[in-house]
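Working notes for the structure below.
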There are 2 protein chains.
Amino acid sequence: MESSNDGLLDAAFMALADPIRRSIIARLSHGSATVNDLAEPFAISKQAVSKHIQVLEQAQLVTRSRDAQRRPVHLNPERLEALTAWIGQYRLVREDQFRNLDAVLRSSAASRGRQTKDQS
Amino acid sequence: MESSNDGLLDAAFMALADPIRRSIIARLSHGSATVNDLAEPFAISKQAVSKHIQVLEQAQLVTRSRDAQRRPVHLNPERLEALTAWIGQYRLVREDQFRNLDAVLRSSAASRGRQTKDQS
DNA sequence: TTCTTATTCAACCAGTTAGTTGATCAACTA
DNA sequence: TAGTTGATCAACTAACTGGTTGAATAAGAA
């Protein structure tokens, strides 16, 4: 698990690490929109917004189509699911940790603060 | 919703947009570890790993404590939850979209490809 | 005290990102 | 045809990121 689609995870997390791009995602979540529409709320140039959209597109968080001169942008929810799936892995493990917590607390290793090499 | 903790979202997504840092999270998900432990699997210097950990710490994805010379790193699952919560917002909206999909398909606006300004 | 281990700080370099402006392309409209 | 709109390309700059090495700090161990 991991490593095959590392690049896509990189790209998706990176893409969302920007408030403008997250705002674009939010806007798209209730309907597709053109670059012009998406650029309108921001105080930056349309070229800059176009670049942001390219970043989202490379991360496959959005797709694009053609409508005359327009290039409507659409949300691709599958990639968002991939992120929750990645995070979800560690939520499950964490629950295991809680399940074992009292056992750990009783062990001498924990009391000596050597919880460093207790596995692998 | 949004904008108050924008900075934390920025930092968290950015922090996870790196395979080394994601790998550190994965490692921490089954137990705390020191910088030395965390650095071991990687072909980069310990200083570099230390910087990665600082990035994770600033994003509050991990916390640190003190054990003699060691500074053990611990996973902070709450921040991971915050990310799934953010993404989850748009999953919900998307389900609304699906719920309304047939209605949209019947409307004239959708057939003309003008799904651009159909709200706000 | 001196030595060793664990970690960080500081300065630096190479590559990348986010923004700019100006020109260009693509497709509709008069 | 010429003009307009929507979007991208190209070149550039400023700021940041990820890595390096070498020195410094903190805490045990001899």
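The structure presented is a predicted model; accordingly, all values stated were derived computationally and were not measured. All chains are named by letter (A, B, ...) in the order of the sequence lines, taking the proteins before the strands, and each is independently numbered beginning at 1.
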Could you please name the partner base of D:dT5, counting Watson-Crick and G-U wobble pairs only when both distances are under 3.5 Å?
-> C:dA26
A:Lys46: partners by side-chain contact (heavy atoms from CB on, under 4.5 Å), with sequence neighbours left out | A:Asn36, A:Ala39
Between C1' of C:dT17 and CG of B:Asp18, the distance in whole Å | 15 Å
In chain order, what residues pass the side-chain contact (heavy atoms from CB on, under 4.5 Å) check against B:Gln69, with sequence neighbours excluded?
-> none
Using only side-chain N and O atoms of B:His52, determine if any of them is under 4.0 Å from OP1 or OP2 of D:dG19.
-> yes
With the side chain defined as heavy atoms from C-beta on, B:Arg66 is closest, among D:dA26, C:dC28, D:dG19, to D:dA26
Would you say A:Leu83 and B:Leu83 make side-chain contact, with heavy atoms under 4.5 Å?
-> no
Between C:dT7 atom C1' and B:Asp67 atom CG, what is the distance in whole Å?
-> 13 Å
Which whole-number value in Å describes the distance from A:Met14 CE to D:dC16 C1'?
-> 10 Å
For A:Ala82, enumerate each residue passing the side-chain contact (heavy atoms from CB on, under 4.5 Å) test, keeping only those at least two apart in sequence or located in another chain.
-> A:Arg79
Sort and list the pairs that fulfil side-chain hydrogen bond (donor to acceptor under 3.5 Å, both in side chains) and have at least one residue in residues 48-62 of chain A, not counting sequence neighbours.
-> A:Arg21-A:His52
For B:Ala17, which residues count as a side-chain contact (heavy atoms from CB on, under 4.5 Å) partner, sequence neighbours excluded?
-> A:Phe13, A:Met14
B/S/- along nucleotides 3-10 of chain D (protein heavy atoms under 4.0 Å) is --BSSBB-
Please give, in whole Å, the distance from C:dT17 P to B:Phe13 CZ?
-> 18 Å
